[in-house]
Structures are given as C-alpha cells and as structure tokens.
Amino acid sequence: MGAGRPGASAAALAAGAGEPRKFDPKFRGPIHNRRCTDIICCVIFIVVILGYIALGVVAWVHGDPRKVIYPTDSYGQFCGQRDTLNENKTILFYFNILKCASPVVLINLQCPTTQLCVSKCPDRFATYIDVQASYRYRPDQWNYFRQFCKPGFNNPRKSVAQVLRDEDCPSMIIPSRPFLKRCFPDFSTKNGVLTVANQTTFKDGRGKTRNVTDLREAANGINNVLDARSVGMKIFEDYAISWYWILIGLFIAMLLSLLFLVLLRFTAGVLFWIFIFGVIGIIGYGIWHCYWEYDHLKGIPGSDLTVYDIGFQTDFKVYLQLRQTWLAFMIILCGVEVIIILMLIFLRNRIRIAIALLKEGSRAIGYIMSTLFYPIVTFLLIAICISYWAVTAVFLATSGEPVYKVMANQTLCKYANLTCDPETFNTTNVTKLCPGAQCTFAFYGGESLYHKYIFIFQLANAFVFLWLVNFAIALGQCTLAGAFASYYWAYRKPADIPLWPLFSSFGRAIRYHTGSLAFGALILAIVQLIRVILEYLDHKLKGTQNSFTRFLLCCLKCCFWCLEKFLKFINRNAYIMIAIYGKNFCTSAKEAFFLLMRNVVRVAVLDKVTDFLLFLGKILVAGGVGVLAFFFFTQRIPVFAQEVPMLNYYWVPLLTVIIGSYLVAHGFFSVYAMCVDTLFLCFCEDLERNDGSTAKPYFMSASLHRILGKKKLSPKKAAG
C-alpha cells in the first residue's frame, strides 16, 4: 500500500530534489518560534487592500446607484426620484417604440426616440391626428393624450407636421404595461395570433394602418422576458410566505450535521455504512416513486405526449403530468444507483481504511470542538468581500456623467449621434441643417481620465475580490491545519495538546504567514481571472467565431480549469506545511508536493475515498431534509397539513432547502476533510521522521498505526 519502506533514511530523499531532507530531532509539533514569511508579498497585499479601499471611496464619490434603480428620460432626469417634478412619474414612456429594435436597446436607454417619465402607461389606442381633430368636442381625449406629451405642451392648434417634427407628442399611443419601470406593448396571443389589446392592427399616427406583426421582432424578446417576469414574481411570492419554513429546514440540516459529527467520534464505521445504505435507500425510494408515477399516469389522456410536443412551459407542473418525465427521472436515478453500488463493491476494502482514518479525525475534532464553528468566520469574511465587491461594482458602473447626443429624424444628417450640450443646442445651426433634430440623453459616460479607465477599474475590482476570497479560504485552511497538527504531534493525547490550539493557530497564521497565504491566494486569483476573461470572450464571440476559435477557447478553458484544480490541491497542502513548520509558501509547497508524491498510492486511495464518503454524508443530509421538505410542502404530513403555505411552485422552497442543506453540511464536513488531510500529511511526515524506536517514537495513535503502518510502536507509546 505504501510507496516503499517508510523509514527515514531512504524515503527522506526528496523526489527529484537529489539530497536528503534535514529533520530537527527536537521537533515536537507546530513550531512556535517563527519568523515572518514572504514579507514582500505581505507588503504588496496590504498596499493592494489600501488601494482597494481607495477605489471604493472614489467609486462612491462618483457613482450614483439611482442610475440603476431609476430609468432616465431624454433630459437626463430620473423617473420617480423624490423631491423632483418626476417624483410621481416612475415609468419611462417611449414616443415611438417601433424605432426600438429590441428590448435590450430599450433597457440600455439607447432607443432613438424621445423618452418621458409618466405616472402610468397608456391603456388604449389613440393617434395624435385623431385626438387633435376632436379636441374641441372631446377635450377628455386631449387631456388624456397630452399626459404623454412633453411637459408643458398644451397647444392642440399646432400643426401635426410640426408636432411630429419637433416630437412634442407621440404620433400614437398603444396599450402598454410596465416592465422594468418602462412601458412595453401589452402583447398577447389569441388563437395563436399575436395581438395588442385583442387587436391585430393599429394606426401609426402618420396615415398608415399597420399590423401588430410589425412589432414581432421586439415582441419575441419582450414576451420571453415578460414570461420570466411572471415566473419571477411567483417565485418571489413563494419565498415571501415560506421563508421561515426554509430557515427551519436549514436549522434541521445544521442539527443533523452537528449530530453526525458528534456521533462520528464513537461510531464512525456504523454511521458511515448507515449513510451509504441510506443514500442507496433514498435513491431506491426515488426510483420506486418515479415508477409509481409513471404507472399511475398510464391511460390518462395527454400523459403520453413528449416534452418536445408541449415545448417550453412556465408552469412546470405540466411536465409532471407526462409519463416521459418520470421515465427520464427513473432512468437517471437507476444509473446513479448502479454507479454507487459498483463503487462500493470495488472499493470496499479502501472504504474500511478511510473509515478508520475518519475515526482518528473525529477524535481530533472531539478534543478541539471549536474547529466546527470556524467555517462561520470564513463565511463572514467571504460575505464581506462579496458585499464590498458588489457595491463597488455598482458604483463604478454608475460613475459616468450624462452624455447627450444629437437625435435626428433624417438619416442623412451629418450631426446624428454626435455629442451635444442641451443648454446651448438651440443656438447652434444643427436644427437648421437637420430639422427636428434634438439633443437628448443617450447614456452615462465621460471623457475624463477616471471615466476612460472604468473598465480597468472593474477588472481590478474583480481581481482583488478573487484575491481576498482566496485569502479568506487560505486563512481558514491554515488555521484548521495548525490546530489539527497540534493534536497529531502531541505525544500523549490529550495531555500534550496545547491550550486553545485553534486561536493559537489563527494568531500564528495572521502574525507570521499573511504574506505566504496572500502569495498562494494571488497565484490562484490570477488563474481564476484568466478563466473569467476566457468565459467573457467565449460569450462575446459566440455568434461570430469559427470552428478553430471554438476549439482553441475550449482547450484554453479546459487547461486553466485543470490548472486551477491542481493549484487548489497544492495550496491546500502547502498551507498545512506552513502551519506545521512556518516556512515560506514556495518551500512549503515543494515539500508538500514531494511528500505526497512519495506516498502517491496512499494519497490516491485514502484521500479520495475519504472525500467520497464525506460527499455521501452531504448527500444524505441534504436528501433526508429534502425528503422531509417534500412531504411537508406537498401536504403529505397530516399533522402539519394546515400549516403549509399556499405556494405557486412548491419546488421553490424545496430546492432552496435542499441546496441550503447541502451547503450547511458542506461547511461542517469541510472541517472534517481538512482534519483528515492534515492528519494524513502529518502521518506521512511522521513515518519519514521516525522509525518507532525509543529514540524516534511515532507520534501517531496506536489505532492509526494499526491501520496504515506496519512497524511496531515503542513500548512507551503503546502503553500510553
């Protein structure tokens, strides 16, 4: 099982290093007399954090999140802003929506038509020509129509040609409904025909009768977005009335995870086999339930339709009425069940070894229970990083000043789309050369040095965010590794375990090894940023790239994904060596890598099987809570049937509980995984340092030695 004889003489040769490692004969666990490591990287890291804070302050000074919250009219004014003329006008109205090619253009405020803030969207068809002709005996129609004209315009005697040229009023209004605080045509389908307010034609206000299909290009995208809005609102409603039940489910998941970790110290083997067969049982129940639903739908009209026949439906309950859906679920679950059973058959001996190693890990956690709650610290640090990054990104995105451009009705106007100043625009000759041209708000931007480098600042924001998140994770791994290493290298357990090992390890990591942790996090952040850029390029070039470009991007994405996984593995073990010996990052990474390579068989068998077992534990916790939530939200528990809230989609809180339970279990089990990795690396180091003699006794426990070692312990250690 091992990679050669585990004695210190031969195995101590660093693979590829060419010379034996030098061991301190007085080594008795994590070194306390340390020096600061990777000082240059530490200084750079602190300077970058100060620069990041400065970037946030500058973005806060120049940015204005109202530009995201409120739509902006053609005059650069916010719709719905308090203490302004538009306070009660919260919706943006487009004079001629036919000029807008797509919903994306509308949302980006770049549609070449006048845009005004209104209190409500039009609810009827009307044209300016008809309203002007009847304003004398139908003043109510004029009063209704002019609320969609420019503020202050009330001159129905002005000629239609001049009104449309100057865009004082829209040529037409059509029934609309607000979406994203903007008026969109109220599209619907009737007998498969696209309509607006049950009409298929409308007057465009310029003497033509047009078909609603003229809006089809915009309607296709808008209807999809509106359907998504409908689903989104229902999901929001479900969260609003079921959030406390979701929290109860997550609390149950936390209790199950804690209970599992506590019991694991005493009954690791029994619990893990229960977990393994529990997962098999849950999947088996899923297979039976899918078959029952499949058989139950037999003979019901419409149940034999395929998913392709009914297409995409926003009501997902429709798919559950199809036999094909349950057949697909059953096949997937059968495949998963077979894979798990085969893995258990071929890895049964390795699983027994991993379970024994987990028992030693559970004993270590039992002596240092505070480690179970350290993931909360990591979670808080990452939450702070995410919050700061998101706020900074929003302020940077809204840092521009209003930019106005010439909007001309004539396509040959040479001044079209040029920047202009609305205060001096009427004094220029643009209106003479291009009749009807206007200086309207286009977007937010600027010509200053700050505004030119907004994109660079966003990249810097993303990069420092990745660096800080990886540093928070590295700090957690190094802290836990130091605490568990203190347990392993205690000769008499638990008498020799130092007081407050977790806090001592955290203090050492912060005081001496901030630079080393920042160095490892920096390397990982660079690779992750490259991956983000590759994903961005892939998204941007999807419509134009050729086969070679697709292949090249795919290869690069795959290579950097593999590189990221490898770096995470190296960093994790390097942090363990840093926690033990207090050396710099590069030295620790090299020693950890060669140590693992000399024990590559043990690494492959024990480490990965342990990860697999912990993954099964997460699945069982999430699956158990998920089954309980399924029976609860589908009102299949009679005792709580009256307490179940009325939901649009019961799968919304159900999926939230399942995913949340998995994340909660992952947080607790990650401590266990770090414990096992640390103990395994310490074990390999112990085998190379010591030979079990009285002069060089093993530090491992007797049970761990029986599991993985072959030589006898010294009499004193065996007796202890």
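All values reported here derive from a predicted model rather than from experimental measurement.
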Heavy-atom closest pair, residues [X] and [Y]:
X: Gly482; Y: Ser505; result: CA-OG, 3.2 Å
X: Arg511; Y: Cys36; result: O-SG, 3.7 Å
X: Val627; Y: Ile282; result: CG2-CG2, 4.4 Å
X: Ser257; Y: Phe668; result: CB-CD1, 3.8 Å
X: Leu681; Y: Asn573; result: CD2-O, 3.8 Å
X: Ile578; Y: Ser516; result: CD1-CB, 3.8 Å

Please check: side-chain N/O of [X] versus main-chain N/O of [Y], any donor-acceptor pairing under 3.5 Å?
X: His666; Y: Tyr662; result: no
X: Asp38; Y: Cys41; result: no
X: Thr587; Y: Lys583; result: no
X: Thr392; Y: Trp389; result: no

Could you tell me if the side chain of [Y] sits less than 4.5 Å from the side chain of [X], heavy atoms only?
X: Phe457; Y: Val58; answer: no
X: Phe251; Y: Leu255; answer: yes
X: Val676; Y: Phe484; answer: no
X: Leu517; Y: Tyr575; answer: yes
X: Ile658; Y: Val625; answer: no
X: Tyr512; Y: Arg35; answer: no
X: Leu596; Y: Phe569; answer: yes
X: Pro653; Y: Trp245; answer: no

To the nearest 0.5 Å, tell me how far [X] [atom1] sits from [Y] [atom2].
X: Met577; Y: Leu595; atom1: CE; atom2: CG; answer: 6.0 Å
X: Ile526; Y: Leu567; atom1: CD1; atom2: CG; answer: 10.0 Å
X: Tyr672; Y: Thr371; atom1: OH; atom2: OG1; answer: 10.0 Å
X: His62; Y: Phe395; atom1: NE2; atom2: CZ; answer: 13.0 Å
X: Lys557; Y: Leu537; atom1: NZ; atom2: CG; answer: 10.0 Å
X: Leu459; Y: Tyr536; atom1: CG; atom2: OH; answer: 9.0 Å

Report the C-alpha distance between Leu55 and Leu396 in whole Å, list the side-chain angles of each, state the deciding distance to 0.1 Å, and finish with yes or no for side-chain contact (heavy atoms from CB on, under 4.5 Å). CA-CA 9 Å; Leu55 176 62; Leu396 283 173; 4.2 Å; yes
Within the 3.5 Å criterion, strictly below it, is a donor on Tyr581 or Glu685 matched to an acceptor on the partner's side chain?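 The answer is yes; a qualifying pair exists.
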side-chain contact (heavy atoms from CB on, under 4.5 Å) between Lys618 and Val621, worked out: CA-CA 5 Å; Lys618 299 172 193 176; Val621 171; 5.9 Å; no
List the residues meeting ring-ring contact (aromatic ring centres under 6.0 Å, His included) with Phe566, not counting sequence neighbours, and say none if there are none.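 Here no residue qualifies.
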Let's go through Tyr374 and Val671 carefully: what are the C-alpha distance in whole Å and the side-chain angles of both, what is the deciding distance for side-chain contact (heavy atoms from CB on, under 4.5 Å) to 0.1 Å, and is it a yes or a no? CA-CA 8 Å; Tyr374 186 85; Val671 175; 5.7 Å; no
Count the heavy atoms of every other residue, nucleotide or ligand shown that sit under 6.0 Å from CG of Leu50, and state whether that count exceeds 12.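 Counting other residues, nucleotides and ligands, CG of Leu50 exceeds 12 neighbours.
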Pair Tyr388 and Tyr52, ring centroids less than 6.0 Å apart: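 Judged by ring-centre distance (under 6.0 Å), Tyr388 and Tyr52 do meet the cut-off.
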Using distance only, find each side-chain donor-acceptor pair of residues 462-480 under 3.5 Å and give its atom names and separation, not counting sequence neighbours.
{"from": "Trp467", "atom 1": "NE1", "to": "Ala518", "atom 2": "O", "distance (Å)": "2.9"}
{"from": "Asn470", "atom 1": "ND2", "to": "Leu466", "atom 2": "O", "distance (Å)": "2.8"}
{"from": "Asn470", "atom 1": "ND2", "to": "Gln528", "atom 2": "OE1", "distance (Å)": "2.7"}
{"from": "Thr479", "atom 1": "OG1", "to": "Leu475", "atom 2": "O", "distance (Å)": "2.7"}

For the pair Asp686 and Tyr488, evaluate side-chain contact (heavy atoms from CB on, under 4.5 Å) and give the outcome as yes or no after the intermediate values. CA-CA 10 Å; Asp686 193 12; Tyr488 184 92; 2.9 Å; yes
